[in-house]
Every structure is written in C-alpha cells, then in structure tokens.
Amino acid sequence: MDNTNIYKKAESYVADLFAREQHPEFYYHNFEHTETVVAKTKEIAAHYNLDDADTMALLIAAWFHDTGYLFGPGPEHEIKGVELMTHFATEYELSQELTDKAAGCILATRRDKAPEGLLQEIICDADTYDLGTEAFKKNNKNIYKETSAIQPGLTQESFDEKTVTLLETHKFYTSYCKDILKKGKKKNIRKLRKRALKNAVKSSKEKLVDGGTTISEKAGTTKGMQTMLRLTSSNHIRLSEMA
C-alpha cells in the first residue's frame, strides 16, 4: 500500500473512531482539533527535508495522538492512543520501524516528557501551535468548558492561573515555530495575565454583608490575594526570556 492510501486509511480510521466514541463534553479534544494538528504537522514538516517514511510516521501519529481521550480523559490517554495506532498499523501491515516512530511521537505529546529528535519536536509543536496564534483565545475557552465538565467545581480564576503557568513554562522546539510563533505567544500571555490579574483583584476585594464580611468571603478574599501574588511573583519567567 502506497503512502497516499495509508494516509487516507488513517484519516478514515480515526474519523470513524471519533464518530462512534466522541463525548459531547469534548469541546476541544475532538476531531476538529485532530484535523488541525495534522494540518500543522504537515506545515512544519514541509519546512524540513524529511523522507517519505518519516513524514508518514509523523502524520499517522498526528491522526492518532488524541484518540485515547475517547476512552478516558486521564493522563495516560497517550498510551491508549499508541494502542489504537498499533492496532491500525497491524491491520494494514505497516512496518515495525514506522510503527515505533509513530508511537514515540504520540508519547512525546505528554506534557511531562521532552521530545527526542526532530520528528517528536514537530508533533509537539503542531499540538501546541495555537499557543502562538489568535486561535488560542477560542481554544482556551473550549478547554475550560471541557475541563469544567470533567472537573465540577473548577473556577475560571483557578483555570486561568494554571493556564498562565502552562504558557510561561511551555516552549516551542523547532526553529520554524520559534521564528513564527514566539511573538504571538508573548501576546497571548500578556492578555491572559492581564485578565487573570483583573479577576484576582476583583475577588480580593472585601464584600460587606450587613456591615461585615462573612467567613466564606474572607476565604475568597484570601484566595484572590494569593492568586494575585502568584501571578505577579518574580518567580514567573520574564516574557523577554521566553523561548
């Protein structure tokens, strides 16, 4: 089977998985996101002189990288994604070398794992490409909606604080993405920090009820102040030093 047919089979296989298993609360980790990651993988890979086998391993990994979410949103979804991809590779008799490369790329998208080699760097950058674009605002709202559905009780304030930290510690790996996305990511961080600080200041103000402050309001005030201090802490990475 030639590469064009393999690509089409992978697309069809994953599309069918999402059609059968998609959860309504997946506002972000859906087939549309997968299609976007595949497109960005193609874009970044085109900048480098990859052979056909490496390109195909990358694209198969991009198609399968979030399929594990369909069977549980836990932190081990990448492992399930590798399992599903391996099943596909076996069904269509793909080489072990290609399968192993695709598996490594899927596992590299874990947030606690640094990519090894150009292929893994490309898919990591494709998966987080939006952090440096205007699409981040819309995607971030969808991630909040999705996370809130899975984690009842999550507040916008808490979510924003964690997202600021994510953005400030995130880095692009390929020279291509560093060149074109660095400026946009800085802009997104400034906007999000400004909003998070505004919300933290608002929640830190004392709310008087019958001339006094209730215990719950004192707790909210303390939490707001703590958030504000963390967001303005000198321990945060300076924007001018960010990758």
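Position 1 is the first residue of the sequence, and the numbers go up from there.
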Taking side-chain hydrogen bond (donor to acceptor under 3.5 Å, both in side chains) as the definition, give me every residue that meets it alongside [X], ordered by chain and number, with sequence neighbours left out.
X: D179; result: none
X: S175; result: Y48
X: E91; result: none

(Q) Is there a side chain to side chain contact (heavy atoms under 4.5 Å, CB included) between N140 and F159? Walk through the geometry before answering. (A) CA-CA 10 Å; N140 195 46; F159 177 79; 3.5 Å; yes
**Q.** H77: which of Y69, F71, F64 passes ring-ring contact (aromatic ring centres under 6.0 Å, His included)
**A.**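 Among Y69, F71, F64, the one meeting ring-ring contact (aromatic ring centres under 6.0 Å, His included) with H77 is Y69.
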(Q) Which residues pass the ring-ring contact (aromatic ring centres under 6.0 Å, His included) test with F18, not counting sequence neighbours? (A)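 Testing F18 for ring-ring contact (aromatic ring centres under 6.0 Å, His included), a comparison that skips the adjacent residues, returns F31.
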Q: Among residues two or more places apart or on two chains, list those pairs meeting side chain to side chain donor-acceptor pair (under 3.5 Å) that have a residue in residues 49-63.
A: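 Sorted result for residues 49-63: D54-K101.
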Q) Pairs in or reaching into residues 144-154: which pass side chain to side chain donor-acceptor pair (under 3.5 Å), with residues at least two apart or in two chains? A)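 Passing the test, one end in residues 144-154: H29-E146.
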Q: Quick one: list whatever passes side chain to side chain contact (heavy atoms under 4.5 Å, CB included) with H23, sequence neighbours left out.
A: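 With neighbours one apart ignored, the set is E25, F26.
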Q: Only counting residues at least two apart or in another chain, list the ones meeting side chain to side chain contact (heavy atoms under 4.5 Å, CB included) with N30.
A: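 Applying side chain to side chain contact (heavy atoms under 4.5 Å, CB included) to N30 gives Q22, E32, H33.
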Q. Only one of N188, N139, T163, L167 clears side chain to side chain contact (heavy atoms under 4.5 Å, CB included) with L131; which?
A.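 With L131 as partner, N188, N139, T163, L167 yield a single side chain to side chain contact (heavy atoms under 4.5 Å, CB included), made by L167.
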Q: Give a yes or no answer on whether the side chain of T41 reaches the backbone of V37 with a donor-acceptor pair at less than 3.5 Å.
A: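 Confirmed, T41 side chain pairs with V37 backbone.
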Q) Ignoring hydrogens and geometry, is there a side-chain-to-backbone donor-acceptor pair from S12 to K9 under 3.5 Å? A)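 The answer is no, because no donor-acceptor pair under 3.5 Å joins these two groups.
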Q: Run the numbers on M56 and L50 for side chain to side chain contact (heavy atoms under 4.5 Å, CB included), then give the verdict.
A: CA-CA 10 Å; M56 186 51 53; L50 302 180; over 6 Å; no
Salt bridge (Lys or Arg N to Asp or Glu O under 4.0 Å) against [X], all qualifying residues, sequence neighbours excluded:
X: K40; answer: E43
X: R110; answer: E76, D112
X: E83; answer: K80

Q) Under 3.5 Å, is there a donor-acceptor pair between the T128 and H170 side chains? A)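 The answer is yes; a qualifying pair exists.
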Q) Does the side chain of D125 pick up a donor-acceptor pair with the side chain of T174 at under 3.5 Å? A)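 Yes, T174 and D125 have a side-chain donor paired with an acceptor closer than 3.5 Å.
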Q. Tell me, which pairs form a ring pair (Phe, Tyr, Trp, His ring centres under 6.0 Å) where one or both residues lie in residues 116-135, sequence neighbours left out?
A.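 The answer is none; no pair qualifies.
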Spell out, yes or no, whether [X] and [Y] are grouped together once hydrophobic residues are joined by side-chain heavy atoms under 4.5 Å, including indirect joins.
X: F88; Y: V38; value: yes
X: Y173; Y: L181; value: no
X: I150; Y: L154; value: no
X: L166; Y: L197; value: no
X: L98; Y: Y13; value: yes

Q: Report the distance from atom NZ of K182 to atom NZ of K171, rounding to the nearest 0.5 Å.
A: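 The NZ atom of K182 sits 12.5 Å away from the NZ atom of K171.
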(Q) Would you say NZ of K137 has more than 12 non-hydrogen atoms from neighbouring residues, nucleotides or ligands within 6.0 angstrom? (A)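 For K137, atom NZ is not crowded (no more than 12 foreign heavy atoms under 6.0 Å).
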**Q.** Flag if over 12 foreign heavy atoms under 6.0 Å of NE2, H47
**A.**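 Correct, the count exceeds 12.
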